[in-house]
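Note sheet for the following structure.
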Amino acid sequence: MSSPPGRRARLSSSGTGRSSSEASEELRRRLLGLIEGNRVMIFSKSYCPHSTRVKELFSSLGVQFKVLELDQVDDGASVQEMLSEITNQRTVPNIFVNKVHVGGCDRTFQAHQSGLLQKLLQEDSAYDYDLIVIGGGSGGLACAQEAATLGKKVMVLDFVVPSPQGTSWGLGGTCVNVGCVPKKLMHQAALLGQALNDSRKFGWECSQQVKHNWEAMTEAIQNHIGSLNWGHRLSLREKSVVYINAYGKFVEHHKIRATNRRGQETCHTAAKFVIATGERPRYLGIPGDKEYCITSDDLFSLPYCPGKTLVVGASYVALECAGFLSGLGLDVTVMVRSILLRGFDQEMAERVGSYMEQHGVKFLRKFIPVTVQQLEKGSPGKLKVVAKSTEGPETIEGIYNTVLLAIGRDSCTRKMGLEKIGVKVNEKSGKIPVNDVEQTNVPYIYAVGDILEGKLELAPVAIQAGRLLARRLFGGRLEKCDYINVPTTVFTPLEYGCCGLSEEKAIEMYKKEHLEVYHTLFWPLEWTVAGRDNNTCYAKIICNKFDNNAGGLRPLLPSLSSSVMPWHYQR
Ligand code: FAD
Ligand code: NAP
């Protein structure tokens with residue numbers, strides 16, 4: 001029922017002697033109390049015609065609602081401020097239905113027209129679950145487990161569509177199965193090879209000839225991944241999260257169809273949904289690519305040593321895989337369409353590349369493959385690759401045992417019925433735009449992780465976003481995921497860790513003359529006795545002169561020791 005007009009009230013209690021943070025915490029709790037305690041909550045201004053239209057709409061539907069007129073309470077301005085923090089919307093009316101933030105007048109009328117409002121008005125108890133998470137990777141699992149810890153009834157759907165080579169895996173998503181974890185372990189295997197060489201200088205006498213066994217490494221890594229898959233299943237069970245190994249597709253508002261690998265279907269409803277379906281490797285779309293090439297989805301469980309390998313692509317995945325394959329002793333060539341590590345500081349990217357080149361990786365720059373043809377079957381077989389220059393008519397060909405495509409990843413958003421419920425997807429990229437509380441344009445649908453438009457594709461970011469989202473949805477918390485200045489590492493043979501802006505981006509944003517760049521070459525102590533390159537490890541700090549020389553650190557280093565790293569160079 002609407003509040004009686006004309007009475008001037010104060011929403012927050014007027015206690016004295018409290019700090020402003022305590023007062024704002026109390027106000028936040030009271031607002032969340034109103035949102036949670038009322039089926040329809042309208043924050044309004046009594047003279048606002050849009051607010052009046054919305055109230056008339058709910059009255060015409062015979063739905064009772066609670067109104068807080070911000071112009072009729074003493075602390076209306078603070079309420080408006082807090083609402084903008086909670087919802088990212090400053091304007092009135094600001095409407096919640098069954099704890100879901102619908103938005104303002106236009107969005108409420110759109111929701112009414114599409115039938116969504118009527119669905120939202122159903123009580124939460126009308127649904128099977130409080131939350132269904134689609135995708136059991138980094139973001140999805142973090143969100144599901146946090147929501148369950150907060151007492152909610154949660155389901156997770158996870159399904160791996162096999163790669164064109166037939167590879168599939170267990171629960172945990174990309175990072176655990178075909179990303180960070182096996183990548184880092186294979187990188188470690190390569191570093192150990194280097195350490196074996198170094199060890200002789202440190203007095204270790206190895207009489208046997210040392211060689212690497214791909215099958216033994218892969219089996220050990222896959223066993224470890226199997227234990228992580230099991231750990232995730234156990235952890236969901238302990239938190240009473242229902243897990244189904246099935247592919248999720250929306251069939252109507254609040255309803256999803258789950259299809260398992262035997263084609264059996266079940267339908268499930270929830271008050272809220274989180275989409276966390278991640279990405280899968282892209283293919284070139286040239287003759288022979290899906291038949292004969294592999295991607296990172298296949299590499300980490302490849303049952304045989306890949307042999308002489310062509311890696312196509314020049315970003316994170318490409319350079320990391322090329323780096324460890326070469327470190328394991330394989331003949332590796334990287335085919336680069338344009339530049340190395342687009343988006344990263346180009347001076348650092350070139351240093352990463354030149355170290356790889358000096359240590360045996362070949363680079364074919366400004367070429368793209370046009371056909372891949374099988375010459376011989378086998379494990380591995382033999383493939384002929386024809387490539388053309390991006391700068392002229394020149395073509396080249398080469399024979400490889402394995403061609404690894406690492407040319408980017410496509411979002412898994414196109415085959416899950418999002419059009420049925422009106423979730424906006426960027427047509428070109430397949431990414432889902434969300435506001436700063438990870439809410440899509442359909443109020444009860446949220447999204448986290450790699451599928452988000454304009455956000456970082458990193459496992460810890462997906463985890464943090466998923467966890468904070470659950471806390472905001474079910475734990476009365478406000479903290480949002482901060483996507484700015486997230487540190488990252490590229491695990492190439494010479495590791496590259498960075499945080500903040502690349503030099504190119506800093507120049508674009510602040511102008512060259514406003515920047516001071518400090519840099520240094522250094523020789524890590526561990527490399528000295530080992531007799532490794534002494535003019536290779538490099539660090540730089542890019543500072544804004546007008547911001548007290550604040551800056552970001554962009555070091556290129558296997559281990560950073562301040563005692564051997566004087567910052568005495570300046571340019
Ligand atoms: P994912 O982990 O991809 O999980 C999505 C899950 O949803 C998958 O299991 C998928 O099969 C499932 N799914 C998809 N559609 C449906 C559907 N309709 N129904 C049911 N289930 C569905 N990040 C780092 O931070 N550090 C690293 O070192 C690093 N290394 C990487 C190395 C490689 C080779 C790759 C490819 C990635 C790497 N990443 C790294 C990135 C990291 O893996 C991702 O950022 C992270 O896994 C994204 O998590 P997510 O929850 O968005 O999706
Ligand atoms: P990406 O960053 O999108 O890079 C794609 C690469 O492939 C680029 O070098 C691109 O070249 C090239 N390419 C694209 N289309 C091509 C074509 N048709 N022919 C030849 N080359 C082509 O993709 P990614 O390396 O797969 O990484 C995806 C995401 O995973 C990253 O954004 C990252 O966040 C995450 N990741 C993180 C880590 C880590 O934290 N260590 C490791 C791996 C992945 P151009 O530059 O010419 O476009």
Side-chain angles (χ1 to χ4, degrees), residues 180-228 299-311 318-334 348 351-363 379-380 400-402 404 489-497 520-539 555-566:
C180 334
V181 171
K183 180 277 303 288
K184 188 74 198 301
L185 290 170
M186 291 202 175
H187 174 63
Q188 174 65 9
L191 293 183
L192 285 172
Q194 174 72 59
L196 273 170
N197 282 339
D198 290 355
S199 72
R200 295 189 177 96
K201 294 271 179 49
F202 285 92
W204 290 100
E205 292 168 4
C206 318
S207 46
Q208 286 165 278
Q209 201 213 336
V210 178
K211 63 183 176 71
H212 185 259
N213 183 323
W214 174 274
E215 290 81 0
M217 171 188 73
T218 310
E219 190 185 335
I221 291 176
Q222 288 303 318
N223 285 344
H224 176 63
I225 290 174
S227 74
L228 297 178
L299 178 68
F300 302 112
S301 57
L302 203 65
Y304 53 85
C305 179
K308 181 179 175 188
T309 302
L310 175 71
V311 178
L319 296 191
E320 291 183 336
C321 293
F324 70 68
L325 291 175
S326 163
L328 298 177
L330 304 185
D331 178 337
V332 178
T333 304
V334 180
M348 308 308 268
R351 283 175 181 272
V352 165
S354 86
Y355 184 86
M356 287 174 74
E357 210 155 8
Q358 281 161 27
H359 289 78
V361 178
K362 287 165 254 176
F363 282 86
S379 308
Y400 303 93
N401 296 119
T402 298
L404 173 74
T489 298
V490 186
F491 293 96
T492 33
L494 190 57
E495 294 172 359
Y496 167 25
T520 181
L521 282 159
F522 63 101
W523 199 20
L525 191 60
E526 307 87 299
W527 285 32
T528 53
V529 171
R532 292 171 64 183
D533 325 61
N534 69 354
N535 235 357
T536 300
C537 294
Y538 182 74
L556 179 70
L557 67 174
S559 70
L560 178 65
S561 156
S562 57
S563 62
V564 294
M565 245 183 66

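Start at 1 with the first residue, then count along the sequence.
- Separation of the H187 and F491 ring centroids falls under the 6.0 Å cut-off.
- In this structure, the separation between CG on L521 and CG on N535 is 5.0 Å, given to the nearest 0.5 Å.
- Residues R200 and E205 form no side-chain contact, since every pair of their non-hydrogen atoms from C-beta on lies 4.5 Å or further apart.
- The distance from atom CD1 of I221 to atom NE2 of H224, rounded to the nearest 0.5 Å, is 9.5 Å.
- Counting heavy atoms from C-beta on, the side chains of T333 and V361 never come closer than 4.5 Å.
- Closest of all the heavy-atom pairs between M356 and G323 is CE-N, 3.7 Å.
- Atom OH in Y304 sits 9.0 Å away from atom CG in N401 (nearest 0.5 Å).
- The number of heavy atoms from other shown groups lying within 6.0 Å of CD (E219) does not exceed 12.
- Among residue pairs with one or both ends in residues 184-199, those qualifying as salt bridge (Lys or Arg N to Asp or Glu O under 4.0 Å) are D198-R532; sequence neighbours excluded.
- Side-chain contact between L404 and P306 is absent, with no heavy-atom pair separated by less than 4.5 Å.
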Practice item. Take R351 and Y496 through the test side chain to side chain contact (heavy atoms under 4.5 Å, CB included) and record every step on the way to the result. Key: CA-CA 9 Å; R351 283 175 181 272; Y496 167 25; over 6 Å; no
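- In plain terms, the two heavy atoms of A318 and V311 that are nearest each other are O-CG1, 3.6 Å.
- I225 contributes atom CD1, which lies 8.0 Å from atom OG of S301 (distance to the nearest 0.5 angstrom).
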Check your understanding: K308 and T402: side chain to side chain contact (heavy atoms under 4.5 Å, CB included), yes or no, with the steps?
Key -> CA-CA 6 Å; K308 181 179 175 188; T402 298; over 6 Å; no
Check your understanding: Stepwise, does the side chain to side chain contact (heavy atoms under 4.5 Å, CB included) test hold for E495 with V352?
Key -> CA-CA 8 Å; E495 294 172 359; V352 165; over 6 Å; no
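- The two atoms that bring P493 and Y355 nearest to each other are CB-CE2, 3.9 Å, heavy atoms only.
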Practice item. Take F300 and T218, measure what side chain to side chain contact (heavy atoms under 4.5 Å, CB included) needs, and give me the verdict at the end. Key: CA-CA 7 Å; F300 302 112; T218 310; over 6 Å; no
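- Under the side-chain hydrogen bond (donor to acceptor under 3.5 Å, both in side chains) criterion, K362 pairs with D331, not counting sequence neighbours.
- Scanning all heavy atoms of the two residues, the minimum distance from S326 to V332 falls at N-CG2, 3.6 Å.
- For K183, the side-chain hydrogen bond (donor to acceptor under 3.5 Å, both in side chains) criterion is met by E320, not counting sequence neighbours.
- For the residue pair Y400 and T309, the shortest heavy atom distance occurs at CD2-C, 4.0 Å.
- A donor-acceptor distance shorter than 3.5 angstrom exists from the side chain of W214 to the backbone of L302, with no hydrogens or angles considered.
- Looking at heavy atoms from C-beta onward, Q358 lies in side-chain contact with D533 at the 4.5 angstrom threshold.
- Heavy-atom minimum distance, E215 versus P303: CG-O, 3.5 Å.
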